[in-house]
Protein chains: 2
Amino acid sequence: MPFNTDLKCKPTSDFSCNDCRMNAFCLPVALNSSEVGQLDDIISRDKPLQKNDCVYSAGQAFTSVYAVRSGCIKSYTTNSRGEEQVTGFHLPGEIFGMDGISSKVHTNFAVALQTSAVCEIPFSHLTKLTGVLPALQNHFFRLMSNEIVSDQQMITLLSKNSAEERLATFLLSLSVRNQRQKFSGTHFNLPMSRSDIGNYLGLTVETVSRVFSRLQKLGVLRVDKKEIEILDIDQLHELSTTTD
Amino acid sequence: MPFNTDLKCKPTSDFSCNDCRMNAFCLPVALNSSEVGQLDDIISRDKPLQKNDCVYSAGQAFTSVYAVRSGCIKSYTTNSRGEEQVTGFHLPGEIFGMDGISSKVHTNFAVALQTSAVCEIPFSHLTKLTGVLPALQNHFFRLMSNEIVSDQQMITLLSKNSAEERLATFLLSLSVRNQRQKFSGTHFNLPMSRSDIGNYLGLTVETVSRVFSRLQKLGVLRVDKKEIEILDIDQLHELSTTTD
DNA sequence: CGTCAGTTTGAGCGAGCTCAACGTGAGTGG
DNA sequence: CCACTCACGTTGAGCTCGCTCAAACTGACG
């Protein structure tokens with residue numbers, strides 16, 4: 001079973017949601033094939049992004065939401081002290097950019113952590129479509145609600161949990177998201193740096209590194225640079241204290 | 001005939017969004033008066049909630065979102081250890097309950113912190129209405145996006161900021177939300193306990209109490225039980241380190 | 001071969017937690 | 001009316017987890 005996500009995507013033009021590996025859990029999930037056709041018509045698929053390429057910047061006018069087709073996108077804001085705050089990592093099949101809907105301006109930056117492909121979905125077109133496709137409207141409401149729920153879980157994690165619990169929860173989240181893509185849930189590459197992980201989890205790089213070492217010593221993980229193998233997923237669950 | 005026997009009746013049924021003090025920033029904000037009428041028709045306004053009354057519980061089927069008309073509603077979840085995690089305080093004009101949209105089950109509990117009145121908006125009716133009123137659909141998308149943005153700001157606050165910065169930011173948030181209701185932004189009562197504040201901000205009761213004392217000693221606040229007077233709002237802004 | 005970003009490991013420190021004691025006010029019941 | 005309780009809030013003392021600072025290692029890339 002492949003454990004990395006470096007799949008090369010095909011040229012952009014003739015690509016349809018119908019052919020996409022992610023269509024079982026991306027936007028088209030609620031639609032029949034003629035409706036998917038309508039969605040396809042409004043989606044634009046530009047050439048792949050290279051590492052560090054920017055999808056949009058904070059302060060930039062909001063026009064579209066995006067779906068990840070391959071690779072990994074990092075969202076982050078900057079606070080008043082100019083420090084970066086990572087707000088999420090987006091894997092294939094996930095939608096991002098919904099933070100800009102309220103004020104018509106993006107509050108986050110979005111950059112590629114590796115070679116990635118994204119689908120751009122112009123929001124004004126999407127809302128026209130949701131007006132006539134109730135299933136799509138409902139699905140989009142649910143996607144936004146999902147984001148609210150997961151942000152709230154993040155708040156709980158930061159507010160109540162130790163460094164070890166945070167990292168364990170993070171790894172389990174990556175595990176299930178990899179499985180959803182039909183990749184291994186126990187053997188995968190981290191697309192992000194230790195410092196991105198630390199920033200996301202409210203920890204310093206040193207703490208992240210120490211916890212990785214500790215979990216390796218405990219026999220829960222095998223860590224080699226960015227390559228992670230989960231050796232004892234039950235113990236990882238216990239360490240994470242998340243029941244879901 | 002006694003009028004208080006039918007507990008299911010709507011004692012405020014002749015109440016309309018048009019008459020509501022909050023309509024300038026609640027759901028009706030994007031609608032003309034005939035559209036507000038359609039919205040009114042689907043909203044039910046039950047009798048006021050007493051302190052500790054529950055609007056819904058985690059695990060309960062999701063059917064409606066809610067708007068606060070008066071009082072204050074606290075949202076919270078419980079984690080795997082059974083600990084409470086406060087996820088928000090909802091003041092008049094604010095919508096809550098959107099966490100249940102994705103899974104059709106509430107993930108939060110919602111309880112009244114004081115005598116409160118809420119409007120119940122059945123979600124299936126609301127989505128029918130958003131299907132035919134594009135302005136309402138857009139506004140609801142924006143409300144959900146707002147919630148995402150404010151949850152992400154909360155993540156940043158918890159991840160990067162000290163106890164003092166968290167409490168200062170919290171007080172400033174209450175201040176602007178009070179002003180929006182045309183109440184004083186510098187002199188108000190806290191609807192929630194110290195322990196609710198601490199829980200929300202990822203701090204212990206003792207720390208919240210100590211920071212209140214310190215801010216009072218600095219001359220930034222006057223604190224008397226739940227009564228808060230902001231004496232130096234500029235310094236409070238500096239302490240909060242939020243630019244917005 | 002030097003540089004540089006990313007990572008690991010160690011040593012010491014400090015903000016906020018834990019534990020404990022005490023104060024306060026509202027409610028309750030005699 | 002006081003006595004009692006109970007939830008809530010304040011303050012102090014000591015401890016701990018994760019931060020800061022520092023040093024060394026690794027691999028990629030010119």
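Lettering follows sequence order; numbering is per chain, from 1. What you see is a predicted model, and the numbers here were worked out from it, not measured in a lab.
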Whole-Å distance, B:Asn199 CG to D:dC8 P, equals 13 Å
Quick check: do B:Asn79 and B:Gln85 have side-chain heavy atoms less than 4.5 Å from each other?
no
For residues 161-177 of chain A, which residue pairs qualify under salt bridge (Lys or Arg N to Asp or Glu O under 4.0 Å), counting only residues two or more places apart or in two chains?
A:Glu94-A:Arg177, A:Glu164-A:Arg214, A:Glu165-B:Arg81
Atom-to-atom span, CG of A:Leu167 to P of C:dT7 - whole angstrom
13 Å
When the distance from NZ of A:Lys160 to P of C:dT18 is rounded to whole Å, what number comes out?
10 Å
For B:Ile197 and D:dA7, what is the distance between atoms CD1 and C1' respectively, to the nearest whole Å?
16 Å
B:Gln179 and B:Gly185 have their tightest heavy-atom pair at CG-CA, 3.5 Å
Nearest-angstrom distance from the residue atom CG of B:Asp224 to P of D:dG9
13 Å
Gap between atoms CD and P, on B:Gln216 and D:dG9 respectively (whole Å):
15 Å
Could you label the plane-to-plane angle of the A:His106 and A:Tyr56 rings as parallel, tilted or perpendicular, counting under 30° as parallel and over 60° as perpendicular?
parallel
Let me have a per-nucleotide readout for nucleotides 10-19 of chain D, 5' to 3', with B, S or -, counting only protein heavy atoms under 4.0 Å.
BBBB----SS
Any residue meeting side chain to side chain contact (heavy atoms under 4.5 Å, CB included) with B:Val111, in chain and number order, not counting sequence neighbours:
B:Cys54, B:Lys74, B:Tyr76
Counting neighbours of NZ on A:Lys51 that are heavy atoms of other residues, nucleotides or ligands and sit closer than 6.0 Å, is the number greater than 12?
no
C:dT7 phosphate, OP1 or OP2, under 4.0 Å from A:Lys226 side-chain N/O
yes
